[in-house]
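Down below is the structure, laid out as structure tokens.
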Amino acid sequence: MTVRTRIAPSPTGDPHVGTAYIALFNQCFARAQGGKFVLRIEDTDQQRSTPESEQAILDSLRWLGLDWDEGPDVGGPHGPYRQSERGDVYKKYCDELVEKGHAFHCYRTADELEQLREELREAGRTALKPSDLALPEEEVEKRRAAGEPYVVRMNVPESGTCVVEDLLRGPIEIDWGQVDAQILLKSDGMPTYHLANVVDDHLMEITHVLRGEEWINSAPKHKLLYEYFGWDMPVLCHLPLLRNPDKTKLSKRKNPTSILYYQRAGFMPEALLNYLGRMGWSMPDESEKFSLDEMLEHFDIMRVSLGGPVFDVEKLSWLNGLWIRELEDEQLADRLQNWLLNRENLLKVLPHAKGRMETFGDFAPLASFLAAGQLPLTEASFSANKLELDEQKKLLQFALWRLEALRSWDKDSIFQSMKALSQAMEIKLKDFNAPLFVAISGTTASFSVMDAMVLLGPDLSRARLRQAVDVLGGAGKKVLKRWEKEYASLA
Ligand code: GLU
């Protein structure tokens with residue numbers, strides 16, 4: 001048997017370090033056994049998926065030094081590797097389930113579903129079962145004849161225990177009582193994750209599914225689908241979730257999570273990949289610094305430990321330092337040039353710096369904030385600004401939310417969105433801009449904050465705003481709730 005693994009990222013946001021972590025382990029697992037590693041794009045959520053996000057995922061995984069044997073960009077015998085291009089396949093298999101009586105058309109309306117959920121809550125139950133959803137036969141006929149929209153749902157047991165085998169965890173017991181009659185096909189004819197994932201893993205001959213532990217609860221549905229189809233189920237292996245230093249699930253509020261951030265902030269791809277390799281895994285000799293080839297050579301999935309691995313930027317920076325020090329000076333010079341210190345970038349910065357320069361010597365201090373990762377900010381950095389510190393903190397958070405929602409990162413879009421926000425908050429643009437200035441450039445005596453954000457790019461700009469909110473004391477759950485409400489009520 002040829003071992004075949006896969007990653008199946010959904011292109012709905014920034015390329016996440018967690019995706020690279022799962023990819024790394026899949027690649028090592030497959031290649032260590034002479035197998036194949038497949039990349040499939042799960043873009044069935046048409047509202048949230050974008051081609052830009054897909055491209056950024058592929059680019060950043062390649063930047064890290066990962067590569068796959070089959071995928072949307074390299075082709076392969078099991079394509080297409082993008083679920084949006086495989087629509088007919090899912091429909092066919094879904095029809096088969098309905099015919100065999102393993103799935104049913106559900107004509108329940110949104111109002112009815114809400115009502116059913118309410119009843120469920122009152123009864124202290126969690127999952128909607130086929131018996132809850134059933135309608136009298138004539139009612140189904142009536143709705144069908146009227147051409148009302150429906151979804152296809154799978155039949156699931158009412159009670160009992162489902163046992164899922166996990167390569168690292170052994171048997172995991174999950175109560176069927178928690179598992180609902182999952183929607184397989186939405187009313188627009190698109191499959192949900194569960195159906196598409198199982199059908200594709202089967203058709204792509206995947207033998208081992210290594211994915212994040214957040215998918216364990218989906219495993220009973222998948223197991224049942226394999227049984228309904230009469231297919232062998234791949235071996236499941238749920239890797240531990242990456243965590244913030246405070247042990248909560250890794251989140252961008254507490255840690256930069258986009259690979260693009262680490263690239264722009266000047267990390268070496270080898271070091272980031274090395275660090276991800278240390279998430280729950282170690283070399284037999286416990287060495288901290290190792291390359292992808294070395295990891296592959298010694299890879300053994302059974303060495304994964306399940307205690308939540310902590311993704312700590314300080315440790316990563318330390319490791320990155322080791323990698324830098326082992327470069328020849330010539331190599332380091334090339335790296336720095338490729339990263340940022342090249343003519344092309346200089347030409348982008350000069351128009352903003354020139355007017356503020358008297359000597360060449362003024363250039364580096366003026367532009368240094370563009371090459372820094374995080375800035376040495378303190379509360380005092382913000383105290384010369386007109387607004388109260390708490391007001392500045394809120395403003396920075398609101399600006400961050402606006403900028404997170406921004407689709408295109410150009411000066412005009414950034415300016416319009418910030419101007420609209422300042423008006424909605426009824427703050428003069430000058431006072432509004434001051435904290436942004438400090439957060440982005442470390443000082444108010446630099447070039448325009450909008451230009452600076454364009455030059456920094458979205459990942460570093462947002463990370464700096466998050467850092468600034470933190471420096472000003474951050475926001476606890478309660479405050480955040482209040483802010484969210486206020487933010488939502490702004491025009
Ligand atoms: N599309 C899922 C994700 O975004 C894939 C999960 C899996 O590997 O089954 O994580």
Side-chain angles (χ1 to χ4, degrees), residues 3-30 36-58 60-61 66 68 70-72 78 80-87 89-90 164-169 172 174 182-184 186 190-226 231 233-242 249-252 257-259 276 279 301 304:
V3 167
R4 290 175 57 86
T5 64
R6 80 337 182 243
I7 54 162
S10 300
T12 53
D14 289 333
H16 199 277
V17 288
T19 304
Y21 156 68
I22 301 291
L24 171 63
F25 280 73
N26 272 283
Q27 178 167 329
C28 286
F29 184 83
K36 299 267 190 241
F37 168 45
V38 178
L39 188 150
R40 176 174 75 231
I41 293 291
E42 297 206 327
D43 55 352
T44 53
D45 184 341
Q46 288 183 306
Q47 248 102 61
R48 292 175 59 224
S49 302
T50 66
E52 292 78 18
S53 167
E54 176 187 320
Q55 195 58 49
I57 292 171
L58 300 182
S60 43
L61 294 179
L66 296 169
W68 37 97
E70 297 169 28
H78 302 274
Y81 292 91
R82 210 175 269 120
Q83 288 184 331
S84 58
E85 294 166 16
R86 301 170 63 81
V89 177
Y90 311 119
V164 178
E165 273 301 324
D166 182 282
L167 188 59
L168 295 171
R169 297 158 201 262
I172 303 172
I174 296 164
Q182 174 64 49
I183 298 180
L184 298 176
K186 294 180 273 188
M190 282 299 266
T192 56
Y193 156 73
H194 305 276
L195 176 70
N197 191 269
V198 164
V199 167
D200 283 348
D201 281 347
H202 173 72
L203 294 178
M204 295 180 180
E205 296 176 19
I206 300 304
T207 60
H208 294 76
V209 168
L210 279 61
R211 64 181 166 203
E213 71 183 300
E214 71 269 35
W215 299 102
I216 288 180
N217 284 335
S218 302
K221 293 173 190 169
H222 298 184
K223 187 176 177 197
L224 198 54
L225 284 173
Y226 282 103
W231 297 336
M233 183 160 90
V235 175
L236 297 185
C237 175
H238 292 93
L239 295 167
L241 271 186
L242 303 186
K249 177 178 164 220
L250 188 67
S251 62
K252 67 179 171 195
T257 55
S258 165
I259 301 171
L276 291 173
M279 295 291 104
I301 190 77
V304 169

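Atoms within each ligand, like the ligands themselves, are counted from 1 in listed order.
- With respect to atom 8 (O) of ligand 1, the closest heavy atom belonging to the protein is R6 NH1, 2.6 Å.
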How far apart are the C-alpha atoms of W231 and L203, what are their side-chain angles, what is the distance that settles it, and do they pass the side-chain contact (heavy atoms from CB on, under 4.5 Å) test? CA-CA 10 Å; W231 297 336; L203 294 178; 5.5 Å; no
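- For atom 4 (O) of ligand 1, the nearest protein heavy atom (residue, atom name, distance) is S10 OG, 3.1 Å.
- Here the rule is side-chain contact (heavy atoms from CB on, under 4.5 Å) with R211, and of L236, T5, L239, N26 only L236 fits it.
- Where the criterion is an N or O separation shorter than 3.5 Å, residue side chain and backbone included, A8 meets it with respect to ligand 1.
- A pairwise comparison of heavy atoms in P72 and L58 identifies CG-CD1, 4.5 Å as the closest pair.
- What sits closest to atom 9 (O) of ligand 1 on the protein, heavy atoms only, is Y193 OH, 2.8 Å.
- Atom 10 (O) of ligand 1 has W215 CZ2, 3.3 Å as its closest protein atom, hydrogens excluded (heavy atom only).
- Atoms of ligand 1 found under 4.0 Å from any heavy atom of E42 (numbered from 1 in listed order, with element): 1 (N), 2 (C), 5 (C).
- A donor-acceptor contact shorter than 3.5 Å is absent between the side chain of N197 and the backbone of Y193.
- Below 4.0 Å from some heavy atom of N197 lie the following atoms of ligand 1, by number and element: 7 (C), 9 (O).
- Between T192 and K186, the shortest heavy-atom distance links the atoms CG2-CG, 3.9 Å.
- The contact set between ligand 1 and R211, taken as ligand atoms under 4.0 Å from a residue heavy atom, comprises 7 (C), 8 (O), 9 (O).
- Applying the side-chain contact (heavy atoms from CB on, under 4.5 Å) test between R82 and each of E54, E42, R40 identifies E54 as the sole match.
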